[in-house]
Amino acid sequence: MTTTQKEPGWKDLEVGFTISQPGSGKEYKTGDWRSLRPVVEKSQCIKCGICYIFCPDMAILKTDDSFFEADLYYCKGCGICAQECFTRCINMVAEEE
Ligand code: SF4
Ligand code: SF4
């Protein structure tokens with residue numbers, strides 16, 4: 001005999017309920033949510049790595065020439081990197097449709 005499990009309505013979900021499994025964040029293309037993206041002006045970048053440290057999504061990558069750039073697959077466009085950059089060399093620009 002099989003049983004069917006009724007899915008709860010959204011109002012019945014517990015506070016803090018998540019659908020994803022622990023450690024599965026990299027499977028989700030969170031960059032789809034973004035309306036702004038960070039662009040680094042390399043001529044002003046001092047390669048300090050502060051943007052890398054502060055990005056809450058670990059969406060900043062170090063490039064082969066030791067600059068830092070956003071991984072647009074995961075970057076949500078929150079702008080924290082631009083806010084924390086010492087030299088203000090990260091500009092948040094609008095995504096085009
Ligand atoms: S905009 Fe936000 S998510 Fe994107 S790289 Fe900067 S800190 Fe990370
Ligand atoms: S925080 Fe700004 S200056 Fe520092 S590495 Fe990132 S982009 Fe360059």
Side-chain angles (χ1 to χ4, degrees):
M1 185 171 132
T2 59
T3 59
T4 55
Q5 191 171 3
K6 187 173 184 292
E7 298 293 332
W10 70 269
K11 288 183 177 177
D12 300 322
L13 299 177
E14 295 177 27
V15 174
F17 176 86
T18 58
I19 296 172
S20 60
Q21 295 298 311
S24 65
K26 68 179 182 180
E27 296 172 22
Y28 297 94
K29 187 180 179 184
T30 48
D32 279 353
W33 308 346
R34 188 182 57 246
S35 59
L36 298 172
R37 66 187 159 93
V39 176
V40 177
E41 176 52 57
K42 288 185 176 180
S43 64
Q44 297 172 28
C45 175
I46 59 174
K47 301 179 179 179
C48 64
I50 288 295
C51 52
Y52 173 86
I53 292 169
F54 274 89
C55 175
D57 287 293
M58 298 187 72
I60 299 270
L61 303 175
K62 193 173 187 179
T63 62
D64 289 342
D65 52 0
S66 297
F67 285 102
F68 292 83
E69 66 182 17
D71 179 345
L72 298 179
Y73 192 88
Y74 298 114
C75 169
K76 294 177 185 153
C78 67
I80 291 175
C81 54
Q83 182 68 36
E84 298 298 332
C85 173
F86 286 137
T87 64
R88 294 284 188 256
C89 71
I90 302 178
N91 297 306
M92 299 302 294
V93 301
E95 288 286 4
E96 295 178 9
E97 291 293 324

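Order of appearance sets the numbers: ligands from 1, and atoms from 1 within every ligand. Because only heavy atoms are used, hydrogens play no part in the values below, and waters and symmetry mates are left out as well, while side chains stay in.
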Handout entry: Min heavy-atom dist Pro56 to ligand 1 below 4.0 Å
Key = yes
Problem - Contact partition for Ile46 relative to ligand 2, non-hydrogen atoms under 4.0 Å - result: both
Practice task
Among all protein heavy atoms, pick the one closest to atom 8 (Fe) of ligand 2 and tell me residue, atom and distance.
Solution key: Cys45 SG, 2.3 Å
Problem - Proximity to ligand 2 by part of Glu84, non-hydrogen separation under 4.0 Å - result: neither
Practice task
Determine whether Ile90 and Ile50 fall in the same hydrophobic cluster, where Ile, Leu, Val, Met, Phe, Trp and Tyr are linked whenever their side-chain heavy atoms lie under 4.5 Å apart.
Solution key: no
Practice task
Please write down residue, atom name and distance for the protein heavy atom closest to atom 5 (S) of ligand 1.
Solution key: Ile60 CD1, 3.5 Å
Problem - Protein residue, atom and distance nearest to atom 6 (Fe) of ligand 2, heavy-atom basis - result: Cys51 SG, 2.4 Å
Problem - NZ/Lys62: more than 12 non-hydrogen atoms of other groups inside 6.0 Å - result: no
Exercise for the section: Could you tell me the residue and atom name of the protein heavy atom closest to atom 2 (Fe) of ligand 2, and the distance to it rounded to 0.1 Å? Expected result: Cys85 SG, 2.4 Å
Exercise for the section: Check each heavy atom of Cys81 against ligand 2 and say whether those closer than 4.0 Å belong to the side chain, the backbone, both or neither. Expected result: neither
Practice task
Please find out if atom 4 (Fe) of ligand 1 and some N, O or S atom of Cys55 are separated by less than 2.8 Å.
Solution key: no
Problem - Protein residue, atom and distance nearest to atom 4 (Fe) of ligand 1, heavy-atom basis - result: Cys75 SG, 2.3 Å
Completion exercise
When rounded to the nearest 0.5 Å, the distance separating CE of Met92 from CD1 of Ile80 is 10.0 Å
Handout entry: Shared hydrophobic cluster for Ile53 and Ile60 (ILVMFWY, side-chain gaps under 4.5 Å)
Key = yes
Practice task
Name the closest protein heavy atom to atom 3 (S) of ligand 1, giving the residue it belongs to and the distance to 0.1 Å.
Solution key: Lys76 N, 3.4 Å
Handout entry: Under-4.0 Å heavy-atom contact with ligand 1, by part of Ile90 that carries it
Key = neither
Practice task
Please confirm whether Lys47 makes a cation-pi placement over Phe67, using NZ or CZ under 6.0 Å from the six-membered ring centre and within 45° of the ring normal.
Solution key: yes
